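Taking it in order: structure first as structure tokens, then the write-up.
Labels below follow one simple rule: chain letters A, B, ... track the order of the sequence lines, proteins then strands, and each chain is numbered from 1. For clarity, every value in this text was computed on a predicted model and none was experimentally measured.
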Amino acid sequence: MTESVSKESSLIADEGLDKGLARLTSEKIEKTIKTILTNETGARLKTYVSTCVHCGLCSDACHVYLSNRDPACSPVGKIKQTIWEIVKKKGKVDAQFIRRASEIAYTECNLCRRCAMYCPFGIDISYMILIVRRICHKLGVTPHYLQDTAQSHSATLNQMWVKDDEWVDTLQWQEEEAQDEIGDLRIPIDQEGADFFYSVIAPEPKFRAQLIYQAAVIFHSAGVSWTMPATPGWDNSDMCMFSGDNEMMGRLKKAHFETAMRLKVKKIVMGECGHAFRSVYDVGNRWLGFREPPIPIIHSIQFFYELLKEGRIKIAKKYAKTVTLHDPCNTVRGAGLHEMIRMIAHETCEKVIEMHPNREHNYCCNAGGGVINCGPPFKNKRVENNSIKADQLRNVKEQGAETVIAPCHNCHGGLEDIIHTYKLDMDLKFLGDIIYECMEKPEE
Amino acid sequence: MKQHSLKISLIITLIMMLMAAYSAHSQEEDVKTVEDDAFTEQMRPIVPFLHDEHNEIAEIAECGVCHHVYDDNGLLSEDETSEESQCSECHLPAKSKDKTELIKYYHNQCKNCHLQRNAGPIMCAECHVK
Amino acid sequence: MHAVYNFVSGPLLWVSFILFFGGSVYRIVSMVRMAKKTDPVVYHFWSLKYALRSIFHWIIPFASENMRKQPAMTIVTFAFHICLFIAPLFLFAHIILFKASWNISWMYLPDTVADIMTMIVIGACIFFLVRRLKLPEVKYVTSCSDYVILAIVAAPFITGFWTFHQLPGFRIMGIAHILSGEIMLAAIPFTRLSHMFFFPFTRGYMGSEFGAVRHARDW
């Protein structure tokens, strides 16, 4: 069975990979790899490759390996099939190798960094997978759907081909909707000097506009001073970070930070998204030369936590269904916000059941790291490769949990597919959903 | 009767004296092992060493080659030898607890000579036979 | 025999010491200098406090989640690494040789203890070998060099055990013991055995990123 998974996966047709493959020549492969290895890597890669003792202890860290028990899917197994070969052969690899490497790097690793906590040497495996992605990007062998998203970023500075007028229109539409509930509610657009700029990912205006509505209600009730920009730069998401298009990632982050500067806000508060947080807090800022983000970045988890702690929002009636918590990699292993998630859940919900392992040791949803953005061709594999998460969910469901709280868009996508495929029949909520539902709202 | 018993006693005494003299002689002349009273704790088996045989094979005639004496200036004495004393008397000064000091001298005495002459045992187990 | 002994215990020993110490210094210095040029991020984000926090959790048995998940491996690997260092450095026979050559000595272990430690190292090497051969996730990433490295480490202990117990052929084994010890020392800087001195750097950097930037534990 273990064999069949890896064989099957290499048969998945993908327009981006297949067409990219057709354009490759061995000279191009070698030249591209050499350029990247020489100009963009050095001591870290060298030390990681020469320090790894091939002990296999990282295997138990990976939800993909734990789900299919295929040694080719363990963290070090993926490294063996990709960067070790690339380094050993100094780029003299064939097109088929690049195709397989691309599929591994883009669809079998979420860059969740759990393996770095299981490797006794703390070898950063996700860093090496990102080098593979960088090579594949430069070679033009990226999964079609992911590349399409990156193109959108490049053309519109947002992830979902949202046009400038559609963006403002959506905000005004949500404002109107919300005014039915709270008459004097505003979604302040382009208000210079507000306390914070609320940034979201493009799927919010595109598919989940009610999240903007809910955030507006929460902010209005808390009486905070906020704004959203009218211009590109409003989207904090970043698939270019995951496709290996670092230059484009830099452009996106620059636009985002500059928008905050233009609005003269004190900080950026961002919606419940994990990868975007990683991009602005940890990766994109570094590409632009900032050790820390040039302006404070507060994730919604922390913002909600602060609002509750300061008593700016009050809970009218606790959420009645039993909930469980899914820790998103990028805000938990990436920012240590796990205790805040718990505080909010316990403040707002009647009963919370923990999944195990949790906090920094959570299992990824298998959607992160751009994997879900590789789209339908890889969906079945993505869901099959996370049966361990399904087991975890089933376990808490048997203990009575009905709702899964996952404060991350990618996690929602991944968990939704898992819940559906494994017939778990559980609700999926953002923290904002729960707070909006349970909070005291101004009477109007 | 009395005379008879006196004779027997005399003979026994004589035999015992002879035996004692013989055994004293054998201790002095026929050395079979390397031992030193300073080694109270045995870390390794005692080294078998057939003194006469060794010297015959090694063609050592002068006692001073091994049983050396150094004068106050640290110079090898030409006419004095030290076969009456144990190595530890000089080589474990001031009742030092560090026995490795004395061991060093024993090892250097045997091993360095063997290495110089390309003959004789040099590895641990060749001398400290179990 | 005397010529061979003189050669392996004389010039070869110096070659191995030079390769080991010189090689280690060279590898560390060149890595540190290269990092300054190619990976300045390591310098920008290095935090001594969090590096030590992480290292601490990974040098204490069972102080990390993965160690608790793999109790057999944890016990074996700690016993192995401890014995690997302690037994040769505090072996009576080795101290005697240091004393004879350089007139320095330090505390030593009772022979029985050293003997048990040697057996632990050999046993651990067998455990690692079986792991490589039997566990699919380890077998998959095992290459020929992994067996060679394992043999390089096991050899001085097997030959040392052989010589100490004076098993048949102990003279040849004694020479093999010295030689294999030298090979191991010389191999450390130039093989994956270099994890010996790269561990604090890789672990420390990951600890710094996790602790100072991501406010999360990495154990």
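Interface remark: A/Ser59 contributes side-chain atoms only to the contact with chain C (heavy atom separation under 4.5 Å). Contact annotation for C/Thr202: both backbone and side-chain heavy atoms come within less than 4.5 Å of a heavy atom of chain A. No part of A/Asn330 comes within reach of chain C, as not one of its non-hydrogen atoms sits under 4.5 angstrom from that chain. Contact annotation for C/Trp58: only side-chain heavy atoms (C-beta onward) come within less than 4.5 Å of a heavy atom of chain A. With a 4.5 Å cut-off on non-hydrogen atoms, C/Ser64 does not touch chain A at all. Residue contact with chain C, scored on non-hydrogen atoms closer than 4.5 Å, involves the backbone of A/Thr41 exclusively. For A/Glu40, no part lies near chain C; criterion is any non-hydrogen pair under 4.5 Å. With a 4.5 angstrom heavy-atom cutoff, A/Phe277 does not touch chain C via any of its atoms. Contacts of C/Val42 with chain A are made by side-chain atoms alone, with heavy-atom separations under 4.5 Å and no backbone atom involved. Using a 4.5 Å cut-off between heavy atoms, A/Arg113 contacts chain C through both its backbone and its side chain. Both the backbone and the side chain of A/Arg291 come within contact range of chain C, with heavy atoms under 4.5 Å apart.
Most heavy-atom pairs under 4.5 Å with chain C: of the set A/Thr51, A/Val49, A/Val332, this distinction falls to A/Thr51. When the candidates C/Lys139, C/Glu209, C/Met67 are compared by the number of heavy-atom contacts under 4.5 Å with chain A, C/Glu209 comes out ahead. Counting heavy-atom pairs under 4.5 Å between each of A/Gly77, A/Ala335, A/Gly56, A/Cys58 and chain C puts A/Ala335 at the top. Of the listed residues (C/Glu65, C/Met73, C/Lys37, C/Arg27), the greatest number of heavy-atom pairs within a distance under 4.5 Å of chain A belongs to C/Glu65. Ranked by non-hydrogen atom pairs under 4.5 Å with chain C, the options A/Arg114, A/Lys46, A/Arg359, A/Gln81 are led by A/Gln81. When A/Cys52, A/Cys55, A/Gly42, A/Pro120 are compared by the number of non-hydrogen pairs under 4.5 Å with chain C, A/Pro120 comes out ahead. Ranking A/Ile123, A/Thr331, A/Leu45, A/Asp282 against chain C, the residue ahead of the rest is A/Asp282, based on heavy-atom pairs under 4.5 Å.
For C/Asp39 (side chain) and C/Val41 (main-chain N/O), no donor-acceptor pair under 3.5 Å exists by modelled atom type. Side chain of A/Lys90 to backbone of A/Lys34: no donor-acceptor contact under 3.5 angstrom is found. Side-chain atoms of C/Arg68 come within 3.5 Å of backbone N or O of C/Phe62 as a donor-acceptor pair. Side-chain atoms of C/Ser54 do not come within 3.5 Å of backbone N or O of C/Ala51 as any donor-acceptor pair. Side chain of A/Arg133 to main chain of A/Ile129: no donor-acceptor pair is present (N/O by atom type, distance under 3.5 Å, no hydrogens or angles).
Atom-to-atom distance recorded for A/Asn385:CG and A/Asn68:CG is 5.0 Å, nearest 0.5 angstrom. Separation of atoms OH (A/Tyr118) and NZ (C/Lys69) is listed at 5.0 Å; rounding is to 0.5 Å.
Side-chain contact between A/Pro407 and A/His326 is absent, with no heavy-atom pair separated by less than 4.5 Å. Residues C/Phe80 and C/Ile120 form no side-chain contact, since every pair of their non-hydrogen atoms from C-beta on lies 4.5 Å or further apart.
Residue pairs meeting the ring-ring contact (aromatic ring centres under 6.0 Å, His included) criterion with at least one partner in residues 191-218 of chain C, sequence neighbours excluded, are A/Phe121-C/His195.
Partners of A/Arg333 under the salt bridge (Lys or Arg N to Asp or Glu O under 4.0 Å) rule, at least two apart in sequence or in another chain, do not exist in this structure. Contacts of C/Thr142 classified as side-chain hydrogen bond (donor to acceptor under 3.5 Å, both in side chains), with partners at least two apart in sequence or in another chain: C/Arg132.
Nearest heavy atoms, A/Cys73 versus A/Val64: CB-CG1, 3.7 Å. Shown here for A/Gly244 and A/Arg134, the closest heavy-atom pair between the two residues is O-NH1, 2.8 Å.
For a heavy-atom cut-off of 4.5 Å, chain A lies close to no residue in residues 85-92 of chain C.
In this structure, A/Arg286 is positioned above the aromatic face of C/Phe45, its NZ or CZ under 6.0 Å from the six-membered ring centre and within 45° of the axis.
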